[in-house]
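These notes are about the structure you will find just below.
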Amino acid sequence: MNPAIGTIDCDVHNAVAEISELFPYLPERWADYCVEHGVTGLAPASYPSKIALSATPESRVDGRPAASDPEVVRSQVLDAGSEGADLAILNCLYAVQPIRNEDWAVAMASALNDWQARRWLAADPRFRASIVVAPQNPQRAATEIERLAGHPGFVQVLLLAGSQAPLGTRAHWPIYAAAAAAGLPVGIHPGVAGGNPPLPVGWPSTYIEEYAGATLAMQSQLTSLVCEGVFGRFPELTVVLLESGVTWLPSLMWRLDKNWKGLRREIPWVTDRPATVIRRHVRLSTAPFDGPHDADAARAFLPRFLDQVGSVDMLLYASDHPHWHHRGPEQALLAFLSADERRKVLRENALATYPTILQGAAA
Ligand code: ZN
């Protein structure tokens, strides 16, 4: 990758090595609670630590959780030579979202954000981060967004696709109102947050079913956001769909447009074709890229795909570090784009999506 182009990596995961790292940022009550109840960590069950997909071999350093050391992430993501990025957006997947106790969840999310600011954003001015919120109470999630709005290191609000209820429903709107007011996009990442199964038909037996099916929850969330009218109510809002592939989008756009023609009286607030709404408000990260990786097939596929979604502007480069999909996960996509398209995917689309990203990080 040509460093002269400039690269923004829109999906990098930073991990908490020990829950005690959060104690300085937690009210004493909750730090004591963790100790007294033997809570040793909230590593996400969505990414089992020993499973190969969860971390590249080189990210597993000295037995510590992958991506738990800013120095290691810096060297492997930012200072990685021709493969390195100039800026990286950290999406921390510490599992505060499934906590049933709302007060504890809110305290943990705030502590996680303060920890991100001190341990990560202060470690390198090229790190950016997403605000982790506890969606158990959207109004309190909005308060957390407002608390950190204006902090130059936080460039996005992070939600998980496995939510308690579809994310477009009105109960979630305080989150979108706060994000829109702060000028921040909302990123949605695979992960279980609300006790619902990861698949629409119920709980799978195996991890491969859960992970391969991550796109199904994402499609449901996108359908909900469009049809509930989130983008009509918050016209300045952008939603970024992370780590869920991209090639499923044209067929969903077609189904929504086709059915909107006959059923739009049911959703009178959606005044434009759903595909138009999606092109205007939705962006997708490129890792893992789920199109053909064979050169001839990719050359034939990509122009058609871009024609169907309508714009290369919707795609944001991501490595998804430290998750291990394949080597050079972006190559099949980037290698067959024009120079202008490649520059958009690597940098310009992210600059448009994250309007504050060049303001820089601060502790
Ligand atoms: Zn990811």
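When a ligand or atom number is given, it counts from 1 through the structure's own listing order.
- Between Tyr207 and Tyr211, the two ring planes are tilted [angle within 30° to 60°].
- In this structure, Arg170 satisfies the cation-pi test against Trp269, with its NZ or CZ atom closer than 6.0 Å to the six-membered ring centre and inside 45 degrees of the ring normal.
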Quick one, Ser163 with Gln221, criterion side-chain hydrogen bond (donor to acceptor under 3.5 Å, both in side chains). Give me CA distance, side-chain angles, the key distance, then yes/no. CA-CA 9 Å; Ser163 53; Gln221 298 293 12; 2.8 Å; yes
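- The aromatic rings of Phe234 and Trp173 lie perpendicular to each other, with more than 60° between the two planes, well past the 30° mark.
- The Zn ion (ligand 1) is the vertex of the angle joining NE2 of His13 and OE1 of Glu243, which measures 110° to the nearest 10°.
- Between the NE2 atom of His189 and the OD1 atom of Asp320, the angle taken at the Zn ion (ligand 1) works out to 160° after rounding to 10°.
- Its N, O or S atom nearest to the Zn ion (ligand 1) is what matters here, and for Asp11 that atom is OD2.
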